[in-house]
Colleague: 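Pasting a structure here, questions to come.
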Amino acid sequence: MECLELGSSDFFMEGDAIDSPSEIHLESDSLAGTKAVPDHRRYAQLHCSNAPDPPPLPGTSYGARRSSRKAKACSRVPEEVLDSWDKLFLEGYQADLRVSTDDGTEILSHSCVLGVKSPVLRAMLEDAKLKHGFRCIRISGAPSEAVHVFIRFLYSSRFEQEQMKKHVLHLLVLSHVFSVSSMKTVCIDQLERNFLAPDNVVDILQLAGLCDAPRLSLVCTRMILGDFKTVSLTDGWKVMRRVNPSLEQELLESLVEAETERQERAKRIEEKKVYLQLYEAMEALIHICRDGCRTIGPRDQALKGSRAAVCKFPACKGIELLVRHFSNCSVRVPGGCANCKRMWQLLELHSRMRFTPDTCKVPLCRHFKEKMQHLGRKEETKWNLLVCKVLESRGTMGFISERTKFET
């Protein structure tokens, strides 16, 4: 069998839109340095031979404690041992305890085993009275078969799947009442995997709250929010509304919050798509003005022709159409033509993302660079924020430091 590490535990920018005279919407890891650790022992020996040795580095003692803890957490339980514990319970050999249930059934067991497994049962056993040489305690509120499964689990941590499926809710309550955390974990896992459904999720949510099972509560809440329309029509929801209106209010508030988060997440995704399109448009604009494409380019470059390979810039075709319109438009003034206005905005955005306007071949780049010096602080902030968002869309924020140096 594999070694079980019992010490391990496995548990399951957005800014507001800023109004701008243009039609572009704006939005308002560090590596820990590792220094070489000086050898303090050698330093002490060289400079002060009589000085005591310094204590070991923190990593040394921590590593020793960690390894010893791993050794303690390692457990190998052969199947034969579990079989022996099962046999001890099922046969009741040398039993000294009788556990009675609501239907009068008596289950023979051993007080030492139950007392070790459950502090609540230990307290009950200390007050139990002897009758015919047996201690007697009573477990009420659960079927005798569920109590039998519960006590067997205390011996060998085993159970039959059919019995667990039939009595999982009773077993969850018993594990909570008698403080048996291992059984509670098993019951929660069984409920999550095999039992939860829209028609019983509200009842299980209320039971999870009573049994202090936060993970189960979270799973139930997520199921309710994910299929609220179906769950709200069940009998469990109707009963919960009548007997526990505060829980209904809590779930409705969570539903509103989840819907708001979903809308905000969708909004962020759409905004990132817009910024990514702007970044691709900047690349295509530089590509057309510097290198030229198949049917458009600078005058000093030979065009590749329509038979050339497909352009690798996805926004190239759209920018080409916009540039052709801009060069032939009879209006061509900001505000006079929507397409020309969009082109003016792209040219200005390019100039703000370009660090060397003297060597840039995109038209009007230097013009917009000079225009920046006369803009107000509010307008400048809007454009800088847009540049940051566009660069973030492709993970190119490193260029911002270069831009800051250039502007300084």
Side-chain angles (χ1 to χ4, degrees), residues 13-28 263-290 298 313-316 318-408:
M13 148 177 91
E14 165 190 11
D16 298 330
I18 302 177
D19 295 332
S20 171
S22 65
E23 292 183 352
I24 299 177
H25 292 287
L26 311 179
E27 275 197 339
S28 70
Q263 294 177 357
E264 291 179 351
R265 185 164 54 250
K267 182 180 177 182
R268 287 195 296 268
I269 293 175
E270 290 300 321
E271 288 175 348
K272 188 172 182 179
K273 288 181 181 179
V274 173
Y275 297 135
L276 184 59
Q277 291 172 357
L278 287 174
Y279 188 91
E280 293 174 350
M282 295 299 100
E283 288 184 326
L285 182 62
I286 296 175
H287 161 66
I288 290 174
C289 297
R290 183 185 60 192
F313 294 94
C316 184
I319 295 298
E320 177 184 346
L321 296 176
L322 199 59
V323 170
R324 290 187 183 279
H325 169 84
F326 185 73
S327 61
N328 298 323
C329 183
S330 58
V331 182
R332 202 195 302 175
V333 293
C337 173
N339 290 328
C340 291
K341 182 178 181 180
R342 190 174 296 110
M343 189 65 199
W344 283 106
Q345 292 170 345
L346 290 176
L347 291 173
E348 184 168 0
L349 177 61
H350 161 79
S351 67
R352 293 176 176 275
M353 297 175 64
R354 187 69 179 178
F355 310 132
T356 54
D358 295 334
T359 60
C360 181
K361 294 187 177 182
V362 176
L364 302 176
C365 185
R366 181 182 297 180
H367 165 75
F368 283 111
K369 281 290 185 183
E370 296 174 354
K371 180 183 175 182
M372 292 181 200
Q373 303 175 2
H374 305 288
L375 288 179
R377 179 177 297 180
K378 184 177 180 181
E379 191 71 15
E380 182 70 17
T381 301
K382 293 179 182 179
W383 279 103
N384 288 339
L385 184 59
L386 176 61
V387 170
C388 290
K389 294 292 186 181
V390 173
L391 293 176
E392 281 178 359
S393 66
R394 287 297 294 268
T396 53
M397 287 296 293
F399 289 114
I400 294 180
S401 58
E402 299 181 20
R403 175 184 176 81
T404 304
K405 293 179 182 178
F406 171 77
E407 291 181 346
T408 304

Colleague: If you round to the nearest 0.5 Å, how far is CD of Gln263 from NZ of Lys267?
Modeller: 10.0 Å
Colleague: Looking only at heavy atoms, what is the nearest atom pair of Arg342 and Asn339, with distance?
Modeller: NH1-OD1, 3.1 Å
Colleague: Specify the closest pair of heavy atoms between His325 and Cys337, including all atoms of both residues, with the distance to one decimal.
Modeller: NE2-SG, 3.2 Å
Colleague: Please list, chain by chain and in numerical order, all residues satisfying side-chain contact (heavy atoms from CB on, under 4.5 Å) with Lys273, sequence neighbours excluded.
Modeller: Ile269, Glu270
Colleague: Enter the distance from Glu271:CD to Glu264:CD here, rounded to the nearest 0.5 Å.
Modeller: 10.5 Å
Colleague: Quick one: does Leu347's side chain get under 4.5 Å of His350's, heavy atoms only?
Modeller: no
Colleague: For Tyr279 and Leu391, which heavy atoms make the closest approach, and how far apart are they?
Modeller: CE1-CD2, 4.3 Å
Colleague: Kindly compute the distance separating CG (Leu386) from OG1 (Thr381), expressed to the nearest 0.5 Å.
Modeller: 12.5 Å
Colleague: Measuring from atom CD1 of Ile319 to atom CD of Glu283, what distance do you get when rounded to the nearest 0.5 angstrom?
Modeller: 11.0 Å
Colleague: Can you tell me how far OH of Tyr275 sits from CZ of Arg268, rounded to the nearest 0.5 angstrom?
Modeller: 12.5 Å
Colleague: Please report the interatomic distance CG(Leu346) to NZ(Lys341), rounded to the nearest 0.5 Å.
Modeller: 12.5 Å
